Protein chains: 2
Amino acid sequence: MYRIGELAKQYDINTDTLRYYEKEGLLVPSSIASNGYRIYSSADAKTLGVILRAKAIGFSLSDIKTLLSIEVDKANKECLDVKLVVDDKLAQVNAKIEELQTFQRSLKRLSDACCGGHESAQDCTILQALESESLTILSECHHD
Amino acid sequence: MYRIGELAKQYDINTDTLRYYEKEGLLVPSSIASNGYRIYSSADAKTLGVILRAKAIGFSLSDIKTLLSIEVDKANKECLDVKLVVDDKLAQVNAKIEELQTFQRSLKRLSDACCGGHESAQDCTILQALESESLTILSECHHD
DNA sequence: ATAAACCTTGGAGTAAACTCTAGGGTCAAG
DNA sequence: CTTGACCCTAGAGTTTACTCCAAGGTTTAT
Ligand SMILES: [Zn+2]
Ligand SMILES: [Zn+2]
Ligand SMILES: [Zn+2]
Ligand SMILES: [Zn+2]
């Protein structure tokens with residue numbers, strides 16, 4: 001049995017985060033002391049571990065809520081239910097990676113074309129590319 | 001010379017977005033008509049083009065503001081100044097990609113271990129991994 | 001003269017996941 | 001009995017990039 005501060009310390013998070021998770025229905029302390037203090041059981045602590053691990057692999061709190069709701073009703077759920085959540089997230093992550101890789105390629109192309117020296121930005125290929133209709137790099141910065 | 005609606009239509013954006021860019025100091029119309037209407041010049045339109053291209057390669061509006069401030073003072077700026085902004089963003093993008101790839105690997109590992117069938121989630125390796133201290137996958141779902 | 005299609009301002013709402021503040025109760029030690 | 005370390009609630013603030021709303025002025029066409 002832990003008070004909010006103890007649990008927070010154990011998992012190196014803010015007590016406000018714990019209250020926030022409660023408000024979001026992710027981790028409701030299993031009892032409340034007569035003085036109003038939240039009391040977390042070891043099962044609660046285990047659940048918090050699940051939440052933090054899920055967060056660490058990219059799940060949103062909303063995803064985690066779904067995962068936890070499956071978890072508590074394991075017996076009536078199928079592997080399919082679980083895998084769908086994971087695959088859905090994986091698809092989102094893949095999509096985001098691709099978007100970022102597009103950014104990465106464009107940025108790298110711009111970076112590579114610029115000399116990065118103390119020459120005047122008047123002839124900077126990066127600025128020229130940004131001004132060109134199609135983000136085209138005409139040449140490398142040479143500044144004659 | 002364009003009114004706000006014309007410019008917005010030309011670039012397929014919302015008029016509110018243009019007003020927002022103005023509030024943020026990114027694109028201030030070069031004049032205001034006597035009736036209070038914003039009047040954008042072709043130079044303004046060109047700047048909008050730069051903004052949208054920069055956005056399309058991953059720059060935030062704040063980055064773009066920096067880029068535009070260099071652009072207007074090109075003569076007194078160096079290639080270095082420009083390249084720093086690009087390289088900084090590139091570093092951010094790279095970092096984000098790495099984070100997402102970590103997610104991707106973990107998610108794929110989980111996904112691969114789960115049968116995804118109609119078997120009970122009681123023995124689902126995904127749930128087991130999330131509950132295990134170290135996100136370990138003990139075995140593949142076989143459900144005996 | 002009146003409707004449709006513009007334009008203006010100021011301010012609120014959205015998502016996500018916290019984080020902080022104010023104002024006040026609780027508890028153990030010295 | 002007071003100090004310090006806890007705990008409580010309700011609500012506001014943060015970030016980014018819009019998007020929408022209300023209430024009203026302007027223009028153009030019929
Ligand atoms: Zn150069
Ligand atoms: Zn350059
Ligand atoms: Zn299975
Ligand atoms: Zn499974």
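So that the names make sense, note that chain A is the first sequence line, chain B the second, and so on, each numbered from 1. Only this structure's heavy atoms are used, side chains among them; waters, hydrogens and symmetry mates stay out. These numbers come from a predicted model, not from an experiment.
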Q: Mark up nucleotides 2-18 of chain C, 5' to 3', with B wherever a protein heavy atom is under 4.0 angstrom from a base atom, S wherever such an atom reaches only the sugar-phosphate, and - elsewhere.
A: ----BSBB-------BB
Q | Check: A/Leu135 and A/Leu130 side chains under 4.5 Å, non-hydrogen atoms | A | yes
Q: Kindly say whether A/Ile57 contributes a backbone atom to a donor-acceptor pair with the side chain of B/Ser106 at under 3.5 angstrom?
A: no
(Q) Test your reading of the model: is there a side-chain donor-acceptor pair from A/Lys65 to the backbone of A/Glu24, 3.5 Å cut-off? (A) yes
(Q) Between B/Ser42 and B/Ala45 (side chain of the first, backbone of the second, donor and acceptor by atom type, cut-off under 3.5 Å), is there such a pair? (A) no
(Q) The test is salt bridge (Lys or Arg N to Asp or Glu O under 4.0 Å); show your working for B/Glu99 and B/Lys96 and say whether it passes. (A) CA-CA 5 Å; B/Glu99 186 193 8; B/Lys96 191 71 190 169; 3.2 Å; yes
Q: Note down the inter-axis angle between the two ends of the helix from C/dA1-D/dT30 to C/dG30-D/dC1, five pairs each, to the nearest 10°.
A: 30°
Q: Please lay out, stage by stage, how B/Glu22 and B/Arg19 fare under the test salt bridge (Lys or Arg N to Asp or Glu O under 4.0 Å).
A: CA-CA 5 Å; B/Glu22 177 177 351; B/Arg19 293 194 195 93; over 6 Å; no
Q: Please assess A/Thr47 against A/Asp44 for the test side chain to side chain donor-acceptor pair (under 3.5 Å), listing each intermediate value before the final yes or no.
A: CA-CA 5 Å; A/Thr47 301; A/Asp44 293 337; 5.4 Å; no
Q.
With a strict under 4.0 Å distance from non-hydrogen atoms of chain A, what nucleotide opens and what nucleotide closes the contacted stretch of DNA chain D, reading 5' to 3'?
A. D/dC6 to D/dT9
Q: State, yes or no, whether a side-chain contact exists between B/Tyr21 and B/Leu61 at a heavy-atom distance under 4.5 Å.
A: yes
Q: Show your working on salt bridge (Lys or Arg N to Asp or Glu O under 4.0 Å) between B/Glu131 and A/Lys74 and close with a plain yes or no.
A: CA-CA 13 Å; B/Glu131 282 158 43; A/Lys74 265 184 183 177; 3.7 Å; yes
Q: Run the numbers on B/Asp63 and B/Thr66 for side chain to side chain donor-acceptor pair (under 3.5 Å), then give the verdict.
A: CA-CA 5 Å; B/Asp63 298 329; B/Thr66 305; 5.7 Å; no
